[in-house]
Amino acid sequence: MENIYESTRDPKQNATSKQAILNGIAPDGGLYVWPAIDTVDLDLNAIVEQSYIENAQYILEKILPDYTKEELEACVHNAYDKSFASNKITPVKKVGDLYVLELFHGPTSAFKDVALTLLPQLMSTALKSAGKKALILTATSGDTGKAAMSGFKDVDHIGIRVFYPHEKVSQIQYRQMATQEGNNVGVYAIEGNFDDAQSQVKQLFLDQELHQKAEEHDVLLTSANSINVGRLVPQIVYYFDAYKQLVQDGVIHLGEPVSFSVPTGNFGDVLAGYYAYLMGLPVERFYVASNSNKVLTDFLNTGVYDKNREFIQTISPSMDILVSSNLERLLFYMSGQDHQKVASWMKDLQEKGRYEVDAQTLQKIQALFSGDFVSDEQTKETIKDVYEKEGIVLDPHTAIGYRVASMTNSSTPIVTLATASPYKFSVDVLDALSKEASDEWDALKKLSAHCQDPIPVNLAQLESMDILHSGVISVEEMKEVVEKGLGEVR
Ligand SMILES: N[C@@H](CCOP(=O)(O)O)C(=O)O
């Protein structure tokens with residue numbers, strides 16, 4: 001099978017899709033990309049007629065060509081047949097003049113579930129072909145960690161270790177992770193922020209001593225973050241499916257463009273949309289919505305990416321990120337697939353904390369992407385305003401995307417990606433609605449009563465669950481955790 005994937009930094013580092021998924025990141029620290037993704041020929045007429053599951057299979061067959069049709073069929077059905085509370089998987093709703101793509105009906109109430117119910121299937125299938133075991137390392141700012149553990153819990157031949165920033169996730173996100181059951185999971189708070197966790201995980205992937213030890217245990221080290229192409233590609237499907245729903249609802253005619261507003265920190269979700277665009281989805285513009293950690297807004301406006309700034313803890317913690325990993329993939333495509341340029345920008349980021357792209361690359365990016373940011377105060381205002389006018393409660397991340405979408409004066413329909421359930425951020429959402437609560441449980445109940453909407457079962461049951469993981473470790477101690485984990489994969 002052809003090695004169609006290659007590192008953003010060096011075309012010689014190439015792999016099949018199964019190998020790319022097993023490796024997580026390329027051995028040179030770059031991210032796997034498929035340079036010819038824009039040659040994929042998808043039939044939009046077929047897509048608007050098919051179910052979500054049929055579309056997932058249709059699209060993944062094109063982008064993961066070394067999986068057999070039967071393998072992908074099994075993976076997709078195992079992931080989506082029973083795990084989502086909506087039979088549409090990711091329904092689109094009209095909210096005011098905008099559209100909202102609800103991505104939070106999965107087992108942990110965040111958009112990550114769409115990919116992290118499928119990645120364990122893809123990973124297990126690839127591991128079987130390779131005859132190996134795997135230890136998955138995951139950095140999380142709140143949502144990915146829980147969704148990854150839920151997806152990989154008790155999966156044979158796979159272990160998972162999750163690292164999140166101590167006291168920098170919402171109370172409910174903390175409870176979701178700290179109560180996680182499973183004989184193959186480990187979750188640790190780290191002293192630091194998400195960027196510290198993510199950088200250390202990336203370092204560990206490149207650590208030769210660790211790889212040596214992994215080999216001794218016959219274990220591969222890999223990732224459940226969106227740096228892994230297997231985490232990213234399932235997210236392409238919901239962009240096509242949202243388009244399908246707009247056509248079916250008569251909002252657009254087939255072939256007409258739509259725009260997307262995507263709240264993002266690590267740039268994975270919006271990059272999946274760009275992949276959909278490269279595969280033929282008619283998109284006019286992507287609005288990249290940030291919180292006060294507005295490193296992406298500044299980059300999109302100036303071409304300078306500069307992480308040397310204050311890290312701000314916000315009420316949208318999943319987006320409290322200053323090193324936005326997947327931007328590297330966008331730079332690869334927008335620079336004309338110039339591996340050397342990408343490698344030198346990433347070297348600058350590593351050594352100086354900043355890089356500046358050339359005018360041509362910036363121009364190409366700006367032709368399709370805009371960036372804007374929203375403060376905590378504005379986020380709360382938006383939650384309140386949308387609730388009062390439309391009776392819909394948005395979570396803080398979605399509110400950021402919604403506000404950025406509503407600031408444009410485009411006549412093209414804009415779909416905001418609703419990335420999480422508001423109940424995951426119950427205290428701040430209730431506060432935005434000018435109500436008080438004594439703690440996160442009181443907030444959950446009051447929010448539910450106020451909105452006359454049931455609390456998702458997976459969140460409601462957290463209150464009675466025991467805390468199983470309470471370790472707080474330093475960034476340096478992460479390596480020990482991983483070394484130990486290698487011997488525990490069964
Ligand atoms: N927002 C994420 C951060 C990690 O991003 P990912 O898309 O690379 O998994 C989170 O909630 O953990």
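Note that ligands are numbered from 1 as they come in the structure, with each ligand's atoms numbered from 1 the same way.
- Protein residues lining ligand 1, listed by chain and number: K112, T140, S141, G142, D143, T144, F194, N225, S226, R231, N266, S318, I321 [non-hydrogen atoms, distance under 4.0 Å].
- Under the 4.0 Å criterion applied to side-chain N and carboxylate O atoms, K484 and E488 are assigned as salt-bridge partners.
- Ion pair E463/R175 not flagged as a salt bridge, since none of the NZ, NE, NH1 or NH2 atoms sits closer than 4.0 Å to an Asp/Glu carboxylate oxygen.
- Take S325 and apply the side chain to side chain contact (heavy atoms under 4.5 Å, CB included) test, not counting sequence neighbours, and it matches Q198, K202, I227, N266.
- Between D207 and K479 there is a salt bridge, since a side-chain N of the basic residue sits under 4.0 Å from a carboxylate O of the acidic one.
- In terms of the side-chain hydrogen bond (donor to acceptor under 3.5 Å, both in side chains) criterion, K153 has no residue partners (sequence neighbours excluded).
- The salt bridge (charged side-chain N to carboxylate O under 4.0 Å, His left out) check on K307 picks up nothing, with sequence neighbours excluded.
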